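Just so it is clear, the values below take in all heavy atoms, side chains as well, and ignore hydrogens, waters and symmetry mates. Just so it is clear: chains get the letters A, B, ... in the order the sequence lines come, proteins before strands, and each one is counted from 1. Keep in mind that what you see is a predicted model, and the values were worked out from it rather than measured.
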Protein chains: 2
Amino acid sequence: MSEPLDPDMFAGCPPVTGPVRIGDKWTAKIIRCLESGPRRFTELQAPLRGITPKVLTASLRAMERDGLLTRTAYDEIPPRVEYALTDLGRSLIEPMNAGCAWSRAHLAELTEARASWQAG
Amino acid sequence: MSEPLDPDMFAGCPPVTGPVRIGDKWTAKIIRCLESGPRRFTELQAPLRGITPKVLTASLRAMERDGLLTRTAYDEIPPRVEYALTDLGRSLIEPMNAGCAWSRAHLAELTEARASWQAG
DNA sequence: CCGAATCCTCCTGGATACTG
DNA sequence: CAGTATCCAGGAGGATTCGG
């Protein structure tokens, strides 16, 4: 439930996920990272391959605003902040999986079409 | 199969469809327009509420490049061009419907969360 | 450790006008 | 009818630096 995230968990994902997109550039990956339990800011940074703090903060704030996740700050030293999915955020996993299923089934065709267009 | 498109067919759709997005801004709507059969350039412009020719052309070209639709030009006067979905394009309808289902079920929660954030 | 502040660049999408 | 050509504004995403 709280094993460390694999820094390479998105290594197999193509740079462009295809036509099906959830939220902005990072939303879907953040949801995947939180699927197995709450995570800290720095934990999220690792698998998200060099995302800058500003962009990660912006994405998390937007998702919090939309009720997709909650932010909990513990008043400790050193500071600790945890992000966790809400039920609403978790409900996005279903359409996300539909998108991933499409990609697995058809993304190769799309890539091929794009390549043969470049050739022609 | 070839009845004229309702110019208001997207009137009920909220300006922002929510977190689930297919392709770029217009891709999903274009697919909906072509679902019931091939359509001409001008036919598509009507329900897409004032999309400029340049943007519609760009979207159609991108979708043609990706193998989502075909473009057929008939050498007549006046000129006639028809756009039709490919099987690959049609395969996107399934994840699209999943996204629409999510919106119908949860978009209100998201909007509400966003509003109460603004208030707080 | 968890950000905020500032500055910058690219890309999407659009307005407007014109053409075979 | 079905586009093309040109110009332009806004916002997403990023680099870098600084603070509590």
Inset, instruction - Decide yes or no for A:Arg32 and A:Ile93: does some side-chain heavy atom of the first lie under 4.5 Å from some side-chain heavy atom of the second? - result: yes
Inset, instruction - State which of D:dG13, C:dG13, D:dA2 makes the closest approach to the side chain of B:Arg40. - result: D:dA2
Inset, instruction - For the pair A:Arg49 (side chain) and A:Pro7 (backbone), establish whether a donor and an acceptor sit closer than 3.5 Å, ignoring hydrogens and angles. - result: yes
Legend entry - Distance in angstrom units between A:Ile77 CD1 and D:dG19 P, rounded: 19 Å
Legend entry - Atom-to-atom span, CZ of A:Arg21 to C1' of C:dC11 - whole angstrom: 12 Å
Legend entry - Closest to the B:Pro79 side chain, choosing from C:dC1, C:dG20, C:dG3: C:dG20
Legend entry - Within 6.0 angstrom of B:Asp8 CG, more than 12 heavy atoms from elsewhere: yes
Inset, instruction - Counting heavy atoms from C-beta on, name the nucleotide in C:dC1, C:dG20, D:dT4 closest to the side chain of B:Pro53. - result: D:dT4
Inset, instruction - Among D:dA2, D:dG3, C:dG13, find the nucleotide with the atom closest to the side chain of B:Thr42. - result: D:dA2
Legend entry - Residue closer to the 5' end of DNA chain D, B:Arg71 versus A:Ser59 (nearest nucleotide): B:Arg71
Legend entry - Minimum-distance nucleotide to B:Phe41 side chain [options: D:dC1, D:dA2, C:dC1]: D:dA2
Legend entry - Out of C:dC1, D:dT4, D:dG13, whichever nucleotide has its closest atom nearest the side chain of A:Lys25: D:dG13
Legend entry - Interatomic distance where OH belongs to A:Tyr74 and P belongs to D:dG20 [whole Å]: 25 Å
Legend entry - Rounded distance (Å) that lies between atom C1' of C:dG3 and atom CG of A:Leu48: 16 Å
Would you be so kind as to tabulate the donor-acceptor pairs closer than 3.5 Å made by side chains of residues 58-68 of chain B, with sequence neighbours excluded?
from    : atom 1 : to       : atom 2 : distance (Å)
B:Ser59 : OG     : B:Val55  : O      : 3.1
B:Asp66 : OD1    : A:Arg114 : NE     : 2.8
B:Asp66 : OD1    : A:Arg114 : NH2    : 3.1
B:Asp66 : OD2    : A:Arg114 : NH2    : 3.0

Legend entry - Between D:dG3 (C1') and B:Arg80 (CZ): distance, integer Å: 16 Å
Inset, instruction - Write down the distance between CD (A:Gln45) and P (C:dC1), rounded to a whole number of angstrom. - result: 10 Å
Legend entry - Between D:dG13 (P) and A:Leu60 (CG): distance, integer Å: 13 Å
Inset, instruction - Would you indicate whether the side-chain heavy atoms of B:Arg21 and B:Lys25 approach each other to under 4.5 Å? - result: yes
Legend entry - Candidates D:dG3, C:dC1, C:dG20 - which lies nearest the side chain of B:Val81: D:dG3
Legend entry - Distance in angstrom units between B:Ile51 CD1 and C:dT12 P, rounded: 15 Å
Inset, instruction - For the side chain of A:Arg61, starting at C-beta, report the closest nucleotide among C:dT16, C:dA4, D:dC1. - result: C:dA4
